[in-house]
Structures are given as structure tokens and as C-alpha cells.
Amino acid sequence: MARTSSTTAWFLGSVAMVSLLLTGCRSTNSVLWQYESQMGLGNYPSAAESIVATAEKEDGDELLWRLLAGNAYLLAGDLEQTTAQLDRAEDLFADQDSASVLVSGAQQAKSILGNELSFPYRGFGQERLFCCLYKGLAYASQGNVAATRTELNRAAQHQENWLFDRRKEIAAAEEKLEQAVAAHSEESSEEVDPMGQQGIFWGDPSFAQSIQENTGFHLATSGDLSRLATSDYTNVYLNHFCGVFRWLQGDGGREFLRDAAVLSPQTSVLQRDWQEIDGGVRPRNQVWIYVEDGLCAERVEWRLDLPLFLIPELGRYALYAGMAFPRLVERSAAAEQYWVKTAGGQTPLELLETMDRLVRTEYDVYMRGAIKREIVRTLTKVSAQVALQIAVRNCDDSNARLALKMTQIGVAAWAASTTKADLREWVSLPKVVWVGHIPRPQEGRLVLSARAGGQDQDLELVLPEGNSVIWVRKINAALPMTARVLTYPNP
């Protein structure tokens, strides 16, 4: 009985701490919703300012807020703030690299008692790439070639390290999870060992089927790094952009353009660029167009309220068991097709990259660990209810027994309220990226046309003499295109 009481006291003493966590959960989702609403209306300065105000609180989600702020400032045309916010995000990434995953014991306890939102936001591999890419775009818009090169080099290095970094993060997370489980087990009831029952979920076909049907995640194969091909996590957009930039500066780019052509053999622009750079061609009066279209797949919550018969040794003592996971929902493209129109005719852009597939890869890797943590979390919450029921069963005092029973009901309600999915992500990244490559029109004018909702939207651009890279962002069908023109002298 002594150990059962210890478990009960340990659990109930943590409720206040997790209540603070829940407040953060609600505010995080609210901030994301407000940001997306502002971005969807084209109010980029307002979106940036509001998210910076949240970031200044320096909470566990500061990294996410800085990434979102930098993105909004880029679209608003405030290049200095773009680099300032994304520099701060890079500092936070670096701080994480020097610290362990799931850093403190308090965070571990909060996670097991609460949900994934107790951990500081760590970001994903593609988010590191875009952080550097967008800083490079801001520097390029300011004419700072050296800083642009540095940022693109860093983005390429993050891409090269993607698999290694994911392995390191997974290993560290597994170690911390084991430590947290071991710490909890020391306080667990001798009569019921919840940690020893994790395998019932992995072995239950209905559990695996429900996960797969609702999230697309396969317990046996999804997120397994040993099964991933290079193409599953390589961003062809980044490869091609880095290659074109270096080609225009006369300092390389061959390997980047080769890799892009290999990974996307169906894209004629990539095949042409590879053949030309491999043949020693130096571009003169050429134009490349990149269009970032739509918004990437978003995370929405899916709850799995478990029938207690799935937990045969614990279900007799508990009132509630449930789990919550994010599932990916793809969003609509901003336009169905893009064309470049000049006096000489029109050229359709080609699909270069699908960010949704890269987001899916990141999601699957995340879910492989998140499901394990959620199982432990569920069994821990159930064990707290079990401890109270055992205490009820062994208590002779009717008043004390009633109090314990009421407490168990409260704990079950608390367990249900803390069952929440982690919906944090860089929500304003694109859905797809289009690419085009044409000679500079003799008169220096071109029109980029987007077919959205059966109607064409046009953006007219004037290009100086030389080679140009045009970066375009279109978030949704209603908003106009935002563009930046980067021009470099002919060799």
C-alpha cells in the first residue's frame, strides 16, 4: 500500500504543473490561427508584428514564432526584419543542437503527464532549409552576394545532414523516453505495471488499422529511416536554386544542377540547365522563375478514445484512456497553372517540387516517436486512475473511500482534457514550387500569369539587362502574386 500511495501523491502533486501546460496549449493554437488568418488576407505586416510580440515572450515556442515572423516580413518587403527574425531562429536551432532532446526532468515529467506541447518547439529539417533559403533571398534582394552565398551553402549543408540529424534526434529522444519511463516506474504500483503493457498496442491489429486509416501512418514501415531513399527527403527546389545562383556567379553549381536533374528527370528545365552547365555554357540574358504556390499540408487533431478492454489488466480499474495525434490534411493550391508571357509567345512553368511530400516524410519520422510517447503517456494516466481505485478497494473508511473515488473521477476527466495533439509547424511554407527558364525578352518585359479558379491573374515585371532570378509567392487563389527580381550582370 505504501507504494500505491506514493504513486497517487506523485500524480496528484503534478496536476498544478500540467494545468499551466494546458494554458500554453490553447494559446499556441490560437496564435497559429490568428497568424494564418492574417496571412490568408494578405496582411503580412500585421501577421509579422503580432507574431513578433508573441516571440518576445521567449517561451518554448519562440523558434516557431521567429520562423513565421521572418516569412511574413519577407512577403511584406521588410528585408532587415526578415534577416533579424530568421537569424534569431538560427540561434535557437543552434542552442538546440548543443542541448539534448527533451532536456530537463521537469519537461519529461510534464510530457508523460500532459502531451507533446510540453516540449520546446524543435522544428523540422525542411524548416531549417527554408530558414536559410529565405535569408538568402533577403540578402540577394539587398544585393549582398556574399551573404546570399553563405546562406545557400548553409541550407545545402542542412540538406546533406538531414538523415544524420534525424538519426541523432531519434536516438536522443529514445534515450530520454527510457529515462522518463524508468523514473516513473520507480514510483509505480507493484500491483499494476503500466509500462509493461506497451506491447499490447503494437500487437493489436485494430489499433494499427485505426492509426493507418486516420493518419496514413503504417506502424511497421512509415518513418523508418532505413527505408528512406534520398529522393524522399531531398528538396529539389533548393538544389536547383543553389545551382543557378552559383552558375550565375561563375563559381560552381554543377553538382547542384546535376543532382536536381537526376532527382527530377521529367522536368525539362532541369535537364536543359544540367546539359548546359555540363557543356561549359555561361548564361547571358537568361531568366529563371520560381513560384511558391499555396500552403503546405497542415496538422489537425485526431483523437482516439480507447475502449478499456484493450488494456485488460488496467481497464478494470480505470475510467478513461485516450490518445491524440496530428494528422496531415493537404490544402488547396493557389493556382492550377502558371505561364510566362512575352512578345514572342508564352511558356508554361513546370512543377519543380511538391512540399507536401517532404512534409509527409518529416511527419512520418516524427510520428514514429510520437506514437511511442503517446502510448506511455496513456498508460501513465491510466495507472494514476488505477492507483486510486486500488486505494479505494483497500480503504475501510467510507468517507475516505468516497473522497478517493471522487478524486479518481477528477483524474479521469483531467486525463481526457490533457489528451491533445501537437499541431505546431511552419504553416506558411508552400504547397508546391513551379519553375521556368526563358531568354530575357528583348524589350525587358514579361507577364507572369496564374490560372486560379478559372480566371487568369497577371503580374507584369520589368527586367534589367543581365541574368535574372524571379522569386514569386502566391498563398491562395484570392491574393495577388508577390515577387522579387534578382538581377546579375552577364559574364
Side-chain angles (χ1 to χ4, degrees), residues 14-15 17-33 59-65 67 92 96 99-125 127 166 169-181 183-184 195 198 201 211 214-217 219 222-223 297-306 321-329 359-360 362-382 414-427:
S14 305
V15 170
M17 176 183 68
V18 179
S19 296
L20 294 175
L21 166 68
L22 291 180
T23 301
C25 298
R26 287 191 291 269
S27 62
T28 296
N29 291 337
S30 174
V31 171
L32 283 173
W33 181 85
D59 60 13
D61 296 327
E62 184 185 359
L63 170 59
L64 178 58
W65 308 144
L67 293 171
L92 293 167
Q96 290 177 357
S100 61
V101 179
L102 317 184
V103 182
S104 70
Q107 287 174 351
Q108 295 171 32
K110 284 171 67 178
S111 169
I112 287 187
L113 290 170
N115 49 56
E116 296 279 284
L117 287 151
S118 60
F119 297 135
Y121 187 71
R122 297 188 58 82
F124 298 96
E127 296 183 357
R166 300 296 81 70
E169 289 172 359
I170 288 170
E174 289 279 1
E175 179 183 355
K176 292 299 181 182
L177 179 62
E178 290 174 5
Q179 291 174 1
V181 169
H184 171 75
M195 300 307 132
Q198 297 176 59
F201 291 98
I211 292 288
N214 287 278
T215 69
F217 183 90
L219 288 183
S222 297
E298 65 178 334
R299 292 181 170 208
V300 299
E301 184 175 274
W302 169 64
R303 288 179 67 98
L304 177 59
D305 293 319
L306 299 166
M323 300 179 182
F325 300 103
R327 63 186 181 93
L328 287 181
V329 175
V359 169
R360 165 58 65 173
E362 303 267 17
Y363 169 84
D364 284 347
V365 173
Y366 162 80
M367 281 288 284
R368 196 157 191 84
I371 290 175
K372 293 180 182 179
R373 292 190 293 273
E374 191 70 354
I375 290 173
V376 170
R377 219 172 266 130
T378 299
L379 291 171
T380 300
K381 294 175 182 179
V382 167
W414 170 85
S417 70
T418 58
T419 302
K420 293 180 180 294
D422 185 355
L423 308 182
R424 295 172 296 181
E425 63 171 332
W426 190 341
V427 292

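All figures in this text were calculated on a predicted structure; none of them were measured in a lab.
The two residues Ala324 and Ala421 make their nearest non-hydrogen contact at CB-N, 3.6 Å. The two residues Leu423 and Pro326 come nearest to each other via the heavy atoms CD2-CB, 4.1 Å. When all heavy atoms of Ala297 and Glu425 are compared, the closest pair comes out as O-OE1, 3.1 Å.
Between Thr419 and Glu374, some side-chain heavy-atom pair lies under the 4.5 Å cut-off. Inter-residue side-chain proximity for Glu127 and Leu63 is flagged as unmet; no heavy-atom pair is nearer than 4.5 Å. The side-chain heavy atoms of Arg299 and Val427, taken from C-beta on, include no pair separated by under 4.5 Å.
Glu298 meets the side chain to side chain donor-acceptor pair (under 3.5 Å) test with no other residue; sequence neighbours excluded. Arg360 meets the salt bridge (Lys or Arg N to Asp or Glu O under 4.0 Å) test with Asp364; sequence neighbours excluded. A search for salt bridge (Lys or Arg N to Asp or Glu O under 4.0 Å) contacts involving Arg166 returns Glu169, not counting sequence neighbours. With sequence neighbours left out, the salt bridge (Lys or Arg N to Asp or Glu O under 4.0 Å) criterion links Glu362 to no other residue. Thr215 meets the side chain to side chain contact (heavy atoms under 4.5 Å, CB included) test with Ile211, Phe217, Trp302, Arg327, Tyr363, Met367; sequence neighbours excluded.
When each of Asp422, Asp61, Asp59 is checked for a side-chain contact (heavy atoms from CB on, under 4.5 Å) with Thr28, only Asp61 meets the rule.
To the nearest 0.5 angstrom, Phe325 atom CZ is 11.5 Å from Arg303 atom CZ. Atom CZ of residue Arg373 and atom CG of residue Asn115 lie 11.5 Å apart, to the nearest 0.5 angstrom. Separation of atoms CG (Asn29) and CG (Leu117) is listed at 6.5 Å; rounding is to 0.5 Å. We find the CZ-CG distance between Arg424 and Leu32 to be 9.5 Å, quoted to the nearest 0.5 Å.
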Derivation and outcome, side chain to side chain contact (heavy atoms under 4.5 Å, CB included), residues Met323 and Ile371: CA-CA 9 Å; Met323 300 179 182; Ile371 290 175; over 6 Å; no
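A side-chain N or O of Tyr366 and one of Glu116 form a donor-acceptor pair less than 3.5 Å apart.
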